[in-house]
Amino acid sequence: MTKLIAAVVAVSFLATGIAIAAEPNDNVKFSIEKWRKPGSNNIGTADITIDNANDFAVKDVRIQCHYVVKTGGKKIETDQTIAVTVKPKTKKTFKKTKFPFIDEATAEGSCKLVSASKA
């Protein structure tokens, strides 16, 4: 009986392992190279480099930023989808990507990769 249970658990584990595939964003990284302050429209820009270490191209890379204003504690959330394709095993820099501007002198926070789609 014990051997039967162990065999069922082993088969279930193997079947689960085979069914799980890596998500496209598992091997995608980004860095924000430079923030630029906004003009009158309060839209800032950033130079963003996307590094796709996958064996396939990715597109629609979504980056989300969360900030908390130092005085008052107001929470600010922004996100941007970069709707272009990044080839496999390459890095690509996107200049002047638009973001609602966050003044880093008055707010603390960070950005993270939320999703990417297989192209």
Side-chain angles (χ1 to χ4, degrees):
M1 180 72 162
T2 305
K3 289 182 181 179
L4 177 61
I5 293 172
V8 169
V9 170
V11 168
S12 296
F13 178 77
L14 288 173
T16 303
I18 292 169
I20 296 174
E23 293 295 318
N25 56 318
D26 288 348
N27 292 315
V28 176
K29 296 179 184 176
F30 78 97
S31 61
I32 297 176
E33 308 298 327
K34 181 178 182 180
W35 284 100
R36 291 179 191 80
K37 293 188 177 186
S40 60
N41 59 4
N42 208 33
I43 299 294
T45 60
D47 294 348
I48 298 174
T49 299
I50 297 175
D51 182 1
N52 179 15
N54 287 304
D55 293 328
F56 51 84
V58 295
K59 64 178 182 175
D60 300 332
V61 177
R62 184 170 166 230
I63 297 171
Q64 189 173 69
C65 302
H66 297 274
Y67 290 90
V68 177
V69 178
K70 291 179 184 177
T71 57
K74 180 181 176 184
K75 294 179 183 178
I76 303 168
E77 182 179 300
T78 66
D79 67 59
Q80 181 61 273
T81 299
I82 301 171
V84 295
T85 300
V86 181
K87 294 179 182 179
K89 307 285 186 188
T90 62
K91 289 183 183 181
K92 191 169 186 178
T93 299
F94 302 94
K95 301 273 187 181
K96 297 185 179 181
T97 303
K98 293 181 181 181
F99 273 91
F101 180 68
I102 305 298
D103 187 351
E104 293 179 333
T106 61
E108 294 179 343
S110 62
C111 299
K112 66 179 181 177
L113 183 94
V114 176
S115 64
S117 301
K118 192 171 182 178

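If you read the sequence from its start, that first residue is 1, and numbering goes on from there.
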Between atom [atom1] of [X] and atom [atom2] of [Y], what is the distance when rounded to the nearest 0.5 Å?
{"X": "Ile50", "Y": "Thr93", "atom1": "CD1", "atom2": "OG1", "result": "9.0 Å"}
{"X": "Lys70", "Y": "Glu108", "atom1": "NZ", "atom2": "CD", "result": "4.5 Å"}
{"X": "Arg62", "Y": "Gln80", "atom1": "CZ", "atom2": "CD", "result": "10.5 Å"}
{"X": "Thr81", "Y": "Lys59", "atom1": "OG1", "atom2": "NZ", "result": "12.0 Å"}

### Query
Is a side-chain donor or acceptor of Asn52 paired with a backbone partner of Phe56 at a separation under 3.5 angstrom?
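Here the side-chain-to-backbone pair exists.
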### Query
Checking Asp47 side chain against Lys96 main chain: does a donor-acceptor pair fall under 3.5 Å?
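Present.
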Mind checking whether [X] and [Y] have side chains closer than 4.5 Å, heavy atoms only?
{"X": "Val28", "Y": "Asn54", "value": "yes"}
{"X": "Asp51", "Y": "Phe30", "value": "no"}
{"X": "Ile76", "Y": "Val68", "value": "no"}
{"X": "Ile32", "Y": "Cys111", "value": "yes"}

#### Entry: Pair Lys89 + Asp55, salt bridge at N-O below 4.0 Å
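Looking at Lys89 and Asp55, the cut-off is met.
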### Query
Going hydrophobic residue to hydrophobic residue with side-chain gaps under 4.5 angstrom, can you get from Val114 over to Val61?
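In one cluster: no.
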